Amino acid sequence: MPEPEAAPDPALTPDPALTPNPAPKTRRVLRATLRWTAALLTFAAFGAGSAYGIAGMERTDVPGLGTVSDGRWVYPVLTKAPLPSGSPGPLARENKAGSHYADLRALVLPAPEGATVDKALSGTDGWLPTKDLLSEYAEKEDRDELGTKLSENGLRHIAVRGWTTPDGTRTRIYLLQFDTAAVVDDLFGEDIAPYGSPGYELRDAPDSRSDEAFPNAARIPDITASVYVEPKPYGKEQARHAYLGAGDVLALVVQSRRGTVNPVPFQQTVALQSQLLG
């Protein structure tokens, strides 16, 4: 009789207690985008469980992630907004401008199960005034400067969603749409999201630095991401935030919480929002 196949060795789980390595405060330009081709997105740095990528899937078949012991949230099954007939996706080779032809409001990540949606962030018909976005930033000088840059670079509109989970974590997601991907690329690297530290400090994170512990597995192919964390000492609350560049859309994802922000649902939220924009 044939011998039974040996059971595969269980996957090793790296130590999740990763501490960001502080980087010097600088405004160097981040030009290189990380490109990964795996369809299976695995949060290997934080234990068992997996998140499924959408590469090669139908636009109507994008699964959310289930809650496991590492603290992930339960999101609804995600569905990419349908494209107008004959329109390419934002990252398609023939789409030179990187345009998102789908309704931007349908591309904002929905709230997870058990969360309370922030109605103050609903805007008008789903569109948020620029002044409300600028209120995320700490310094009036920064708000004025950034507001001018957004206007001069042809900001078309802002889609938004926010919620609070039972553990007190507050999440805000802003999608800013411009005319072309080239505009987003310039704003991303030169002004808003350079490596080392963000170009403009958030009110919830006045001293953020690049999050060196953010796992590469949570980055999505062809989506540029700059991820920041507020290091100790950070007072009563901690904040994490990320800027995403996807075609003609610049996204801001912010999470803050009294005490410490759990890095796992933050990584999950950034990854899923990236997928919806890709």
Side-chain angles (χ1 to χ4, degrees), residues 11 13-14 16-18 38-82 102-122 126 159-175 204 211 213-220 223 225 227 229 237-242 244 246 251-278:
T13 302
L18 299 176
L40 181 64
L41 174 66
T42 306
F43 286 94
F46 292 93
S50 59
Y52 298 94
I54 60 176
M57 292 184 178
E58 297 296 328
R59 292 183 63 84
T60 55
D61 186 24
V62 184
L65 298 182
T67 296
V68 291
S69 59
D70 60 7
R72 265 170 267 182
W73 294 339
V74 178
Y75 280 95
V77 174
L78 305 180
T79 302
K80 275 197 171 183
D103 189 329
L104 193 67
R105 293 167 294 185
L107 296 180
V108 188
L109 187 67
E113 288 184 11
T116 301
V117 175
D118 185 352
K119 295 182 179 179
L121 281 179
S122 59
V160 63
R161 181 166 289 119
W163 63 80
T164 302
T165 49
D167 69 348
T169 302
R170 294 181 295 116
T171 301
R172 288 94 71 197
I173 299 177
Y174 304 89
L175 305 185
D204 286 350
D211 185 359
F214 191 84
N216 287 330
R219 298 179 183 268
I220 303 302
I223 304 295
V227 186
V229 62
E237 288 191 349
Q238 186 192 34
R240 295 176 180 269
H241 70 287
L244 308 173
L252 169 63
V253 179
V254 186
Q255 282 188 359
S256 56
R257 179 177 180 269
R258 187 177 182 85
T260 303
V261 176
N262 186 342
V264 175
F266 175 72
Q267 294 162 15
Q268 180 193 19
T269 301
V270 170
L272 289 176
Q273 182 60 72
S274 298
Q275 288 180 319
L276 287 175
L277 290 173

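The shown structure was predicted, so the numbers you read here are calculated from the model rather than taken from an experiment.
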Arg257 side chain to Asp167 backbone, donor-acceptor under 3.5 Å: yes
Non-hydrogen side-chain atoms of Val227 and Phe266 separated by less than 4.5 Å: yes
Heavy-atom donor-acceptor pair, Arg72 side chain to Val264 backbone, under 3.5 Å: no
Euclidean distance, Asp211 CG relative to Gln267 CD, rounded to 0.5 Å: 7.5 Å
Ile220 vs Val270, side-chain contact (heavy atoms from CB on, under 4.5 Å): CA-CA, chis, key distance, verdict: CA-CA 9 Å; Ile220 303 302; Val270 170; over 6 Å; no
Heavy-atom closest pair, residues Ala271 and Ala218: CB-O, 3.7 Å
Donor-acceptor under 3.5 Å (Arg161 side chain, Val108 main chain): yes
Distance-minimising heavy-atom pair for Asn262 and Gly71: ND2-CA, 4.2 Å
side-chain contact (heavy atoms from CB on, under 4.5 Å) evaluation trace for Ile173 with Thr269: CA-CA 9 Å; Ile173 299 177; Thr269 301; 4.0 Å; yes
Spacing of Leu272 atom CG and Leu277 atom CG [to the nearest 0.5 Å]: 11.0 Å
Under 3.5 Å side-chain donor-acceptor pair for Ser256 and Arg172: yes
Exercise: identify the closest heavy-atom pair between Pro110 and Pro76: CG-CG, 3.7 Å
Trp73 vs Thr169 side-chain heavy atoms within contact, under 4.5 Å: yes
Gln273 and Leu175, any side-chain heavy atoms less than 4.5 Å apart: yes
Ala81 versus Ala102, closest heavy-atom pair with distance: CB-CB, 3.8 Å
Check: Arg240 main-chain N/O paired with Gln255 side-chain donor or acceptor under 3.5 Å: no
Spacing of CZ belonging to Arg170 relative to OG1 belonging to Thr165, to within rounding of 0.5 Å: 10.5 Å
Non-hydrogen side-chain atoms of His241 and Val253 separated by less than 4.5 Å: no
CG-OG1 distance between Asp118 and Thr171, expressed to the nearest 0.5 angstrom: 10.5 Å
Value rounded to 0.5 Å, distance of CG in Leu121 from CH2 in Trp163: 10.5 Å
